[in-house]
Protein chains: 2
Amino acid sequence: MKSEIQVFREYIRGRRLRRTPEREQILQEIFEIHGHFDVDELHLRLRDKASKVSKASIYRALPLFIDCGLVREVDFSDGHWHYEHVYGHAHHSHLRCLGCGEVLEFEQPGLGCLEAHLAQEFGYRIKGHQLQVHGFCATCQEAE
Amino acid sequence: MKSEIQVFREYIRGRRLRRTPEREQILQEIFEIHGHFDVDELHLRLRDKASKVSKASIYRALPLFIDCGLVREVDFSDGHWHYEHVYGHAHHSHLRCLGCGEVLEFEQPGLGCLEAHLAQEFGYRIKGHQLQVHGFCATCQEAE
DNA sequence: GATGTAATTGAGAATCAATTACAATAATAC
DNA sequence: GTATTATTGTAATTGATTCTCAATTACATC
Ligand SMILES: [Mn+2]
Ligand SMILES: [Mn+2]
Ligand SMILES: [Zn+2]
Ligand SMILES: [Zn+2]
C-alpha cells in the first residue's frame, strides 16, 4: 500500500497542481489527529506548532485530500463539517450522543447490498451513503 | 388519529405558548406541500398567498413543529436545512442525485433492528437515525 | 541558476443560512 | 377591561465557508 503522502504527491502531479509546504503541513497534521476533526481544530493545532497556515488554505486543501481518497467528510448535522482520516480505514457509520457529543463507530455490512439493490431498482449509479444513529449515552441518560 | 392542527394546539396549550395566526398559517402551508421543502420555499409560498409571515417567524415555528412530531429535519448536506411533513408518514430514507438534486424515498426495515442492537451493545438510548444514499440518476449519468 | 508562467498563499471582504435584540403588538388569564 | 408576557417584524448579528486580490512561490524551460 502506498504511503499517504505518496498518494497525495502523485495526485498533485497528475493534476499539474503544486506541492506546497502548506498542503503537506496540513496533511501531516491530519495524520496525527486521532479521530474526527473540524477546520477550526485543525487550524488551532497547526497554530500550536507554529505553522502559519491560514484557514483559507485549509478550506482549499481539504477538497484535494477528499478527492484523492485520504479524507472523508463527516456530517454530524451540527452546523459545520467534520472530517476524518480515511485512507486504509474500513468504511463505518457513526453513533453520536446528543448530550455530550461522543461519537462511536460501527460497521453495518448490509449497506453494500442495499446500494446494489437501489442501483438496480432506480437506475442510479451509487456513489456512497451516510448512516448516522443518534441517542443518549449511558452517562447522559443518568444526567437527564 | 388526532388531526395535525389538533396535535399542535394541544402542544401549544401544554407549554403555555400562544396560538397565533402566523404559526397556524405556516403549519397549514406545510400540510399543503407535497414532498420536501426549505425555509425559503415555505416563505415564498406564504408570500404568494398574501401572508405576511416573516422568515424569522418561520425559523421560530419550525422547532415547535419538530418538537411535537409534525415535521422532520432532512439533511441533504447542501448547506441548509430541508424539512418534511412527517405526521402519519412512514419513516424512510433518501436517495439523492448529485447531478440534478432529485430525491427518491425508500424504506430500509433492517435499521430498526440495528438500533436495538446498538442500544444493547453500547448502552445508548437511541433516538433515531438518518440514512442517505447518493449517486447519479439515469439522466445525469448520460449527461456526464 | 535565472526567467516566465500560472498556481498558491494570507488577509480580509463577501456571502448566506440562521439567530438574536428590540420595540411594538397581541394572546391569554384574571 | 387590565395586566402580564409571549410573539411578531425589522434589522442587526453571528459563524461557517467562499471569494477577491495583490504578493509570493513552485516548476518547467532556458
Ligand atoms: Mn469515523
Ligand atoms: Mn422524505
Ligand atoms: Zn453523552
Ligand atoms: Zn439526476
Side-chain angles (χ1 to χ4, degrees), chain A residues 5 8-29 36-47 49-68 71-83 101, chain B residues 5 8-30 36-47 49-68 71-84 101:
Chain A
I5 196 75
F8 180 63
R9 287 178 180 170
E10 284 176 14
Y11 171 85
I12 285 292
R13 175 173 314 179
R15 306 254 162 161
R16 310 244 150 76
L17 302 176
R18 291 179 186 173
R19 184 177 148 187
T20 68
E22 288 82 1
R23 287 174 176 167
E24 301 210 342
Q25 277 169 37
I26 297 168
L27 194 50
Q28 180 62 39
E29 193 58 41
H36 309 99
F37 62 92
D38 58 24
V39 168
D40 229 51
E41 183 185 345
L42 186 51
H43 186 234
L44 287 177
R45 288 182 62 128
L46 285 161
R47 273 288 150 91
K49 297 199 175 160
S51 163
K52 297 219 186 73
V53 184
S54 73
K55 264 192 191 173
S57 292
I58 295 175
Y59 276 113
R60 289 185 280 228
L62 281 169
L64 304 179
F65 304 151
I66 291 168
D67 199 34
C68 64
V71 168
R72 182 162 76 108
E73 282 176 308
V74 179
D75 185 354
F76 290 147
S77 302
D78 66 346
H80 66 278
W81 285 103
H82 298 248
Y83 302 86
Chain B
I5 196 75
F8 181 64
R9 286 177 180 168
E10 283 174 15
Y11 170 85
I12 285 293
R13 174 173 312 178
R15 305 256 163 157
R16 309 245 147 75
L17 301 176
R18 289 178 188 174
R19 183 177 148 187
T20 69
E22 288 83 1
R23 287 173 175 166
E24 301 210 342
Q25 277 169 37
I26 297 168
L27 194 50
Q28 180 61 40
E29 192 59 40
I30 288 173
H36 308 101
F37 62 92
D38 58 25
V39 168
D40 228 52
E41 184 185 344
L42 185 51
H43 185 234
L44 287 176
R45 288 181 62 126
L46 285 161
R47 275 287 151 91
K49 297 199 175 163
S51 164
K52 297 220 186 71
V53 184
S54 72
K55 263 192 193 173
S57 291
I58 296 176
Y59 278 113
R60 289 185 280 227
L62 280 168
L64 304 179
F65 303 151
I66 291 168
D67 199 35
C68 64
V71 168
R72 182 163 76 108
E73 282 175 310
V74 179
D75 184 355
F76 290 147
S77 302
D78 66 345
H80 65 278
W81 284 104
H82 298 250
Y83 303 87
E84 65 184 346

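Numbered from 1 within each chain, the chains take letters A, B, ... in sequence-line order. Because only heavy atoms are used, hydrogens play no part in the values below, and waters and symmetry mates are left out as well, while side chains stay in.
In this structure, NZ of K55(B) is placed 19 Å from P of dT13(D), rounded to the nearest angstrom. Spacing between atom CH2 of W81(B) and atom P of dA16(D) amounts to 15 Å, rounded to whole angstrom units. Regarding I58(A), its CD1 atom lies at a distance of 11 Å from the P atom of dT17(D), rounded to whole Å. The distance from atom CZ of F37(A) to atom C1' of dA16(D) is 16 Å, rounded to the nearest whole Å. The interatomic distance linking L62(A) (CG) with dT17(D) (C1') rounds to 12 Å, in whole Å. The nearest whole Å value for the distance from the CZ atom in R60(A) to the P atom in dG12(C) is 14 Å. Distance I26(B) CD1 to dT7(D) P: 12 Å, rounded to the nearest Å. The nearest whole Å value for the distance from the CG atom in D40(A) to the P atom in dT14(D) is 16 Å.
Taking the six-membered ring for Trp and thresholds of 30 and 60 degrees, Y83(A) and W81(A) have ring planes inclined between 30 and 60 degrees apart. Ring geometry for H36(B) versus F76(B): interplanar angle over 60°, hence perpendicular rather than tilted (30 to 60°).
Counting only heavy atoms from C-beta on, A56(A) has its side chain closest to dG12(C) among dG12(C), dT7(D), dT9(C). Here the side chain of V39(B) is nearest to one of dG9(D), dA18(C), dG10(C), namely dA18(C). Listed nucleotides: dG12(C), dA18(C), dT17(D). Nearest to the side chain of Y59(B): dA18(C). Ranking dG9(D), dT17(D), dT9(C) by closeness to the H80(A) side chain, first place goes to dT17(D).
Scanning all heavy atoms of the two residues, the minimum distance from Q25(A) to S51(A) falls at OE1-OG, 2.5 Å. When every heavy atom of H82(B) is checked against every heavy atom of D78(B), the shortest pair comes out as NE2-OD2, 3.0 Å.
Side-chain contact check for S57(A) and E22(A): no donor-acceptor pair (N or O, by modelled atom type) lies under 3.5 Å.
Mapping R16(B) and K52(B) onto DNA chain D via the closest heavy atom, the residue that lands nearer the 5' end is R16(B).
Only one option out of R15(B), R19(B), R13(B) pairs with L17(B) in a side-chain contact (heavy atoms from CB on, under 4.5 Å); it is R15(B).
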(request) Summarise how protein sits on nucleotides 24-30 of chain D as a single string, 5' to 3': B when a protein heavy atom is under 4.0 Å from the base, S for sugar-phosphate-only contact, - for no contact. (result) -BBS---
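A donor-acceptor pair under 3.5 Å links the side-chain atoms of R23(B) to the main chain of R18(B), judged by distance alone.
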